[in-house]
Amino acid sequence: MDAFEFMNVVGLVAFAMVGSLKAADADLDLFGVTVLGILTALGGGTMRDVLVGRTPASLQSVGEMSVAFVGVGLAVVLTRAIPDRLRDHPSVLLPDAVGLAAFAATGALVGSQAGLSPYGVVILATLTAVGGGSLADLLLTRVPVVLREDFYATPALFGGVVFWLLLRLDVTGDTAALVCAGLVFSVRVLALRYDWELPRV
Amino acid sequence: MDAFEFMNVVGLVAFAMVGSLKAADADLDLFGVTVLGILTALGGGTMRDVLVGRTPASLQSVGEMSVAFVGVGLAVVLTRAIPDRLRDHPSVLLPDAVGLAAFAATGALVGSQAGLSPYGVVILATLTAVGGGSLADLLLTRVPVVLREDFYATPALFGGVVFWLLLRLDVTGDTAALVCAGLVFSVRVLALRYDWELPRV
Amino acid sequence: MDAFEFMNVVGLVAFAMVGSLKAADADLDLFGVTVLGILTALGGGTMRDVLVGRTPASLQSVGEMSVAFVGVGLAVVLTRAIPDRLRDHPSVLLPDAVGLAAFAATGALVGSQAGLSPYGVVILATLTAVGGGSLADLLLTRVPVVLREDFYATPALFGGVVFWLLLRLDVTGDTAALVCAGLVFSVRVLALRYDWELPRV
């Protein structure tokens, strides 16, 4: 497993935890908690694959889904053991930032391989990173938090732009993906540390 | 028309009725009532086809859509004739369980034909069965009822697991689909009869 | 640029403006305002392309997305300059009707080229025209306005039916698309002028 695959695994577990914790807070039953965990972890990548005409990796590989189930299981165990709001704790927020970074980079890579326009590459990076969580928000009938107030989609979008610029400078896709992931992670952590917000119009 | 096709037709009518009745309760106009009926009947199968890269059968065949329109028409007529809440009546709930069974079996069959992983087969069975109703709930800005409290997705999921096990035992797809449908229907009827619920976490 | 392409550009700008204004009213941040504008303009066409198995034009061409950004920019500037509710003003409603017409015609054309059933053609016309705005409504957790009370989807649906009838009479696709667009625009303007509504059931 290389660094990038490792980030992906960390991200899948963290995203599944976040989704399941959100569902448990909303008093869903066990099926709902599982669906929201799986969807948060794999929904972004599934939308990405559908948009470029691939059969979703989430439905074809056993590995990704199994890793996401670990996150769901962790959430179920921890939500019973720890009464506090786990979702805002660094032990969840940091792995979640790792996932944001890994997913944005994967999305940008898939988009450029599919021959999308620069816009398309940036959109696919962002959607892969924040699409799963936004679907989960929608299923809970909430305006996706990334649209309202969080500096969460912005690092992913920024990473997509940088990825595309690097490709134009003849950097290989793999290197561009690593730089992109590093940038997304750094910007996200800075945003958490300093409570960055986007302006309203 | 064999037994399986018959179940599909019953299911399309029942699902369309349920969707349209829900929309009428929510005071949508005639267009909204029609859309929610059609979407409840055909939305799950459409998502299934998109996920495995097929052009949706709902947009290609005339038959399925016509059958769904019968359900919409029945809902419009009955909702005017009968003031009571029709959706909880056995004359709707039983055909609805037939649809759940037929759609779960079709979803599992399509998933295995598309070469999905065991997870993928189970997800496609469940999504085909409950996806349309959940889309309708979303359009009414409600948390899909299957995520909250209903023992409705669980029979479909269980049917998908059994379907996959049977294929592993070299049972043909057609036989496995019939057994799957029979199981889903039985479990759903038992759940209705005994008010089964999933635990919360 | 022919008449049809011109209508498409007008529509993209108008739809993006409507989506962004809606998002600004709902107090989303700059990212949310941008996403809702882009989604309103390009969401219907993207769903259309996914349903017929194409890579979405919105992710491949630079032009459409750039035009939509113009609409987002206009909305951001105007919402600061003009305090009144811009969305109900004829200077927005008329270009929006142009877009409805152009998108319905494009949807019908793509549907017939993909060999869909008559139902499929009509659904694709309607979805291309109203799908983006409905997605935006969903992201704001609102029941899509077209399902509740607006005489907005009906002209598009009607245009899809007429398009299909014309093809059956051996009219070419291009001519049928122009007639369809003209009809949709006229019916929509009449509906606005006379406050048409669909009955409830």
Side-chain angles (χ1 to χ4, degrees), chain B residues 17 19-39 41-43 45-69 72-81 86 135-143, chain C residues 46-56 107-108 110-131 133-158 160 164 191 196-201:
Chain B
M17 278 189 69
S20 289
L21 291 172
K22 218 188 294 188
D25 283 353
D27 203 32
L28 299 197
D29 68 16
L30 191 56
F31 178 75
V33 168
T34 307
V35 167
L36 257 74
I38 298 296
L39 199 64
L42 300 172
T46 302
M47 287 197 282
R48 173 201 67 206
D49 289 342
V50 166
L51 283 171
V52 299
R54 292 183 178 191
T55 305
S58 54
L59 298 178
Q60 282 188 308
S61 88
V62 172
E64 291 198 353
M65 191 72 74
S66 304
V67 170
F69 271 111
V72 172
L74 274 176
V76 171
V77 171
L78 291 177
T79 205
R80 287 179 170 162
L86 212 58
L135 274 183
D137 284 338
L138 273 189
L139 285 172
L140 295 172
T141 64
R142 293 174 188 166
V143 178
Chain C
T46 302
M47 288 197 280
R48 173 200 69 207
D49 288 341
V50 166
L51 283 171
V52 300
R54 291 184 180 189
T55 304
V110 170
S112 70
Q113 283 164 354
L116 301 188
S117 73
Y119 288 130
V121 170
V122 174
I123 289 177
L124 227 58
T126 313
L127 186 69
T128 307
V130 311
S134 298
L135 275 183
D137 284 337
L138 273 188
L139 285 172
L140 295 173
T141 64
R142 294 175 189 167
V143 178
V145 72
V146 294
L147 299 179
R148 276 188 287 126
E149 53 188 20
D150 224 3
F151 206 91
Y152 189 86
T154 314
L157 193 153
F158 179 61
W164 179 79
W196 287 351
E197 279 198 9
L198 284 182
R200 269 144 229 283
V201 297

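Fair warning: this is a prediction, and the values are worked out from it, not measured in the lab. In what follows, chains are A, B, ... by sequence order, proteins preceding strands, each numbered from 1.
Taking OG1 from T34(B) and CG from L157(C), the interatomic distance works out to 9.0 Å, rounded to the nearest 0.5 Å. Residue L42(B) holds its CG atom at 10.5 Å from OH of Y119(C), rounded to the nearest 0.5 Å. Atom-to-atom distance recorded for T141(B):OG1 and L140(C):CG is 11.5 Å, nearest 0.5 angstrom.
Within 6.0 Å of CZ in F151(C) there are more than 12 heavy atoms belonging to other residues, nucleotides or ligands.
Taking all atoms of both residues into account, the shortest heavy-atom contact from L198(C) to L30(B) is CB-N, 4.4 Å. A pairwise comparison of heavy atoms in L147(C) and L28(B) identifies O-CB, 3.4 Å as the closest pair. Closest approach of V62(B) to S117(C), counting heavy atoms only: CG2-CB, 3.9 Å.
In this structure, the portions of D27(B) lying under 4.5 Å from any heavy atom of chain C include both its backbone and its side chain. Heavy atoms of S66(B) lying under 4.5 Å from chain C belong to its backbone as well as its side chain. Only the side chain of T126(C) has a heavy atom closer than 4.5 Å to any heavy atom of chain B.
Inter-residue side-chain proximity for L116(C) and T55(B) is flagged as met; some heavy-atom pair is nearer than 4.5 Å.
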